[in-house]
Amino acid sequence: MDVAYENGAALVRTGCFEPRHIFENGQAFRFFPCGANAYEGVAHGRYLRVEKVPEGARLYPCTQQDFERVWKRYFDLERDYAALFSDCGDSVLKQGMQYGCGLRLLNQEPFETLISFIVSANNHVKRIRGILRRICALYGEPFSFEGKTWHRFPAPAILAGLSEEALGECGSGYRAPYIKGAARMAAEGFSLEALRGMGYADAKKELQRLPGVGPKVADCVLLFSLGFYDAFPADVWVRRVLREQYGFTGNDRQIYEFARKRFGPYAGIAQQYLFFWKRENSKS
DNA sequence: GCCCAGGATCACC
DNA sequence: GGTGATCCTGGG
């Protein structure tokens with residue numbers, strides 16, 4: 001991976017970068033298409049436009065300092081995805097990796113990820129996007145970039161201070177008290193960052209102390225924001241893949257064990273590619 | 001108008 | 001320890 005800077009943008013030379021695969025696979029909900037092969041949105045408190053170009057990816061605006069401090073890690077650009085499972089001998093996974101080529105796992109802000117996946121419970125991507133958009137538009141700090149107004153994700157204390165009615169009006173439904181409760185715990189000292197130093201099992205157990213956080217949501221937060229690449233979020237789609245492609249019929253508790261044994265320490269990355277493949281091939 | 005998809009929680013065994 | 005009813009709402 002090598003990077004050139006021009007006209008306020010970073011040009012990242014990489015063969016593995018497909019904006020649609022990155023932003024349409026249910027890991028992030030606040031980036032939207034803007035033209036061919038491009039997405040724009042707010043992450044880590046800044047606006048970013050991401051475009052696929054012949055050399056790889058173009059990030060704008062992005063100085064060398066922005067890249068080194070924020071976006072390199074956000075897009076997990078130092079990892080060679082093509083090499084991850086190249087000698088695993090699993091034809092299903094290999095096919096999935098090929099199909100989803102260019103999908104990268106984002107390193108998102110832990111609190112935004114936590115709230116996003118509490119909202120995701122028993123919910124669909126389209127509605128999740130709408131709920132988060134309204135929450136940010138109403139309660140996130142606004143800033144302007146090139147004449148347009150954008151919103152940062154609200155801080156824990158802001159969401160903790162809202163009424164359940166106010167959160168309900170954003171469309172969160174019965175999840176409103178979960179959002180408020182989890183935000184309050186985060187505001188009052190529950191440290192998501194501190195989970196980085198724990199083992200997977202302890203970190204997951206700790207996360208599940210938060211209201212609205214069960215096994216699936218905990219795995220999503222660990223995988224999408226805290227660098228636990230062995231976390232294996234077991235949603236209905238991945239369960240379908242495991243059943244149909246691997247003949248796995250175990251219960252929820254056995255899924256993680258199966259995934260870890262089958263896919264290794266990067267099981268979570270395998271999960272994303274299998275999920276993407278299954279979703280894309282189930283659209284009617 | 002009806003029914004479905006989608007995880008966490010709670011009551012219950 | 002596991003099972004099943006319930007929660008909300010956009011979209012078919």
Side-chain angles (χ1 to χ4, degrees), chain A residues 23-30 32-33 108 110-139 159-160 162-186 190 192 195 200-226 228 231-244 248-259 267-268 271-272 274-284:
Chain A
F23 291 113
E24 301 288 352
N25 77 334
Q27 63 176 324
F29 305 102
R30 296 229 297 139
F32 298 90
Q108 304 180 69
F111 181 66
E112 173 170 350
T113 309
L114 170 68
I115 299 301
S116 298
F117 284 91
I118 287 174
V119 168
S120 84
N122 202 19
N123 213 340
H124 306 277
V125 171
K126 186 151 190 182
R127 191 169 157 227
I128 298 165
R129 284 187 190 280
I131 293 167
L132 294 172
R133 196 183 58 236
R134 288 186 286 275
I135 287 177
C136 291
L138 286 170
Y139 307 111
L159 294 187
L162 296 175
S163 66
E164 289 179 14
E165 289 71 25
L167 286 165
E169 281 162 15
C170 296
S172 60
Y174 64 88
R175 304 166 194 82
Y178 300 159
I179 297 171
K180 184 176 166 69
R184 171 177 286 164
M185 284 177 68
F190 184 106
L192 293 164
L195 302 176
Y200 167 77
D202 287 341
K204 183 167 177 176
K205 201 181 296 174
E206 185 68 8
L207 268 174
Q208 289 184 241
R209 289 178 44 221
L210 297 162
V213 179
K216 158 68 165 49
V217 172
D219 273 332
C220 287
V221 175
L222 291 172
L223 179 61
F224 300 138
S225 73
L226 293 168
F228 285 78
F232 194 84
D235 53 59
V236 292
W237 297 96
V238 169
R239 278 196 219 105
R240 267 171 216 161
V241 174
L242 292 189
R243 191 180 66 240
E244 293 167 12
F248 175 81
T249 55
N251 63 26
D252 283 9
R253 258 186 340 103
Q254 296 167 309
I255 287 183
Y256 174 74
E257 208 177 321
F258 174 87
Q271 189 273 3
Q272 280 295 280
L274 293 172
F275 173 88
F276 184 72
W277 173 81
K278 186 64 184 168
R279 283 295 305 266
E280 290 277 311
N281 288 284
S282 301
K283 288 175 181 170
S284 45

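First the proteins, then the strands, lettered A, B, ... as listed; each starts at 1.
- Judged by ring centres under 5.5 Å apart and planes tilted less than 30 degrees, A/H124 stacks against the six-membered base ring of B/dA5.
- Nearest heavy-atom pair across A/P233 and A/C220 is CB-SG, 3.8 Å.
- Using a 4.0 Å heavy-atom cutoff across all strands shown, A/R240 reaches sugar-phosphate atoms only and no base atom.
- Look at CZ on A/F29: it is 12 Å from C1' on B/dG6, rounded to the nearest Å.
- For residues 232-239 of chain A, proximity to DNA chain B is found at A/D235, A/V236, A/W237, defined as any non-hydrogen atom under 4.0 angstrom from a strand atom.
- Closest to the A/R175 side chain, of the nucleotides B/dA8, C/dC8, C/dG10, is C/dC8.
- At a cut-off of 3.5 angstrom, the base of B/dG7 holds no donor-acceptor pair with the side chain of A/Y178.
- Within 4.0 Å (heavy atoms only), A/F117 reaches no atom of the nucleic acid at all.
- Exactly one of A/D219, A/D202, A/V221, A/V217 qualifies for a side-chain contact (heavy atoms from CB on, under 4.5 Å) with A/L207. That residue is A/V221.
- The nucleotide whose nearest atom lies closest to any side-chain atom of A/V217 is, among C/dG10, B/dA8, C/dC7, B/dA8.
- Under 4.0 angstrom from either OP1 or OP2 of C/dG11 there lies at least one side-chain N or O belonging to A/K126.
- The residue among A/R253 and A/G168 whose nearest nucleotide of DNA chain C is located toward the 5' end is A/R253.
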